[in-house]
Amino acid sequence: MKPYIAIQTEDVEIDALVRAAKVPGAGAVVVFDGVVRDDGIDRMDLETYESVALELMDGIAREGIARFNLLSVAIVHRIGALDVGENILLVVASAGHRKEAFEGAIAMIDELKARVPIWKKEHLRGGGTVWVEGNAEGFPRGPGPSV
Amino acid sequence: MNVTIRFFAQFRELFGPVHELSVPEGRRLTEVLHEIAEPNPDGKTALFSPDGRLRDYVIVMQGSERIEHDRAAALELRDGNTIAVFPPVAGG
């Protein structure tokens, strides 16, 4: 089964992803909707290395399908300027039973956060910007553009 | 030969998004990165430690393959190579 993978600026049609996940044999559909959290920010900007990100997302989805017997997977990541509360990442996974669907969704989200080249820059309510700390020891935080 | 170095996130802000360079055959990746960073003190500090090695948090990719720092130091670029340099990822 071919996963649905997308990186886009526009919002995500979650209902359509859920409908598409209800394939024959599916008894559980898990939806993860990651949203912009209000950590004292007005908005965040997301950027990506799109060609590589799409390739890695596709690999993560195919690995999830094989490892957790998933019946369908959709991963949609948004980029651009997003306000607090907006959707950032949708992962929709279906399986015969809930355990595989939940575990598969969690594993794919963890992999995505660790490996896919996407970055977030937060615009603080009090002014200034800060890049969200990524996954690497020793990486200093600080206001952009300094690192 | 021609090579392309792409920078993302903090490194894009420091160096610009793309450097399309004409370099001599056999030029090593880290030599090219040093040349880009040299006129940019903030960028140089962000990319390299004082001993001239890439900082631990710097990620280098050729296509979708990550290049470990030891290999990056020895990697001879080839015509048409595209290398991406970026900080740790933070998607999701």
Side-chain angles (χ1 to χ4, degrees), chain A residues 7 32-37 44-60 75-79 87-91 105-106 108-122 129-147, chain B residues 3-20 29 33-34 36-70 72 80-92:
Chain A
I7 293 175
F32 171 78
D33 181 5
V35 301
V36 179
R37 184 174 51 239
M44 63 169 54
D45 297 328
L46 291 96
E47 74 174 76
T48 184
Y49 184 9
E50 186 163 345
S51 60
V52 170
L54 287 169
E55 187 180 330
L56 292 176
M57 288 162 68
D58 187 69
I60 289 166
I75 305 177
V76 182
H77 209 301
R78 293 181 70 198
I79 55 172
N87 301 316
I88 304 174
L89 168 67
L90 263 296
V91 174
I106 290 168
M108 290 188 292
I109 294 159
D110 288 346
E111 281 292 302
L112 187 143
K113 290 177 82 76
R115 290 170 46 201
V116 176
I118 295 172
W119 302 271
K120 299 179 187 130
K121 185 179 191 178
E122 294 177 333
T129 59
V130 63
W131 286 95
V132 174
E133 187 176 9
N135 294 288
E137 286 188 18
F139 188 68
R141 286 196 79 164
S146 63
V147 286
Chain B
V3 298
T4 302
I5 311 292
R6 300 185 64 176
F7 293 99
F8 292 92
Q10 295 98 318
F11 296 150
R12 172 184 54 73
E13 292 181 331
L14 289 162
F15 298 112
V18 182
H19 288 246
E20 291 176 336
L29 172 57
L33 294 178
H34 271 289
I36 293 171
E38 195 54 46
N40 181 335
D42 288 344
K44 186 176 177 183
T45 301
L47 209 52
F48 294 104
S49 56
D51 65 2
R53 295 158 62 104
L54 284 169
R55 291 192 183 275
D56 290 345
Y57 55 74
V58 177
I59 297 172
V60 181
M61 290 187 89
Q62 184 174 10
S64 58
E65 181 193 358
R66 183 166 176 176
I67 301 173
E68 297 304 327
H69 287 183
D70 289 348
N81 276 171
T82 295
I83 304 291
V85 180
F86 49 81
V89 301

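Letters A, B, ... are given to chains in the order of the sequence lines, protein chains preceding strands, and every chain is numbered from 1. Computed over heavy atoms, backbone and side chain alike; hydrogens, waters and symmetry mates excluded.
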Any donor-acceptor pair under 3.5 Å from [X] side chain to [Y] backbone:
{"X": "A:Lys120", "Y": "B:Ala90", "value": "yes"}
{"X": "A:Trp119", "Y": "B:Pro87", "value": "yes"}
{"X": "A:His77", "Y": "B:Gly92", "value": "yes"}

Quick one, [X] and [Y] - any side-chain contact, counting heavy atoms below 4.5 Å?
{"X": "A:Arg115", "Y": "B:Val89", "answer": "no"}
{"X": "B:Arg12", "Y": "A:Glu47", "answer": "yes"}
{"X": "B:Phe8", "Y": "A:Pro117", "answer": "no"}

CZ of B:Arg53: more than 12 outside heavy atoms within 6.0 angstrom?
no
Check whether A:Ile88 gets within reach of chain B through its side chain, its backbone, both or neither, counting any heavy atom under 4.5 Å.
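Only the side chain of A:Ile88 comes within 4.5 Å of chain B.
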What part of A:Ile118 gets closer than 4.5 Å to chain B, counting heavy atoms only: side chain, backbone, both or neither?
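Answer is both: backbone and side chain atoms of A:Ile118 are under 4.5 Å from chain B.
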Below 4.5 Å from any heavy atom of chain A, which atoms of B:Arg66 appear? Answer side chain, backbone, both or neither.
neither
Between OH of A:Tyr49 and CZ of B:Phe7, what distance do you get to the nearest 0.5 Å?
12.0 Å
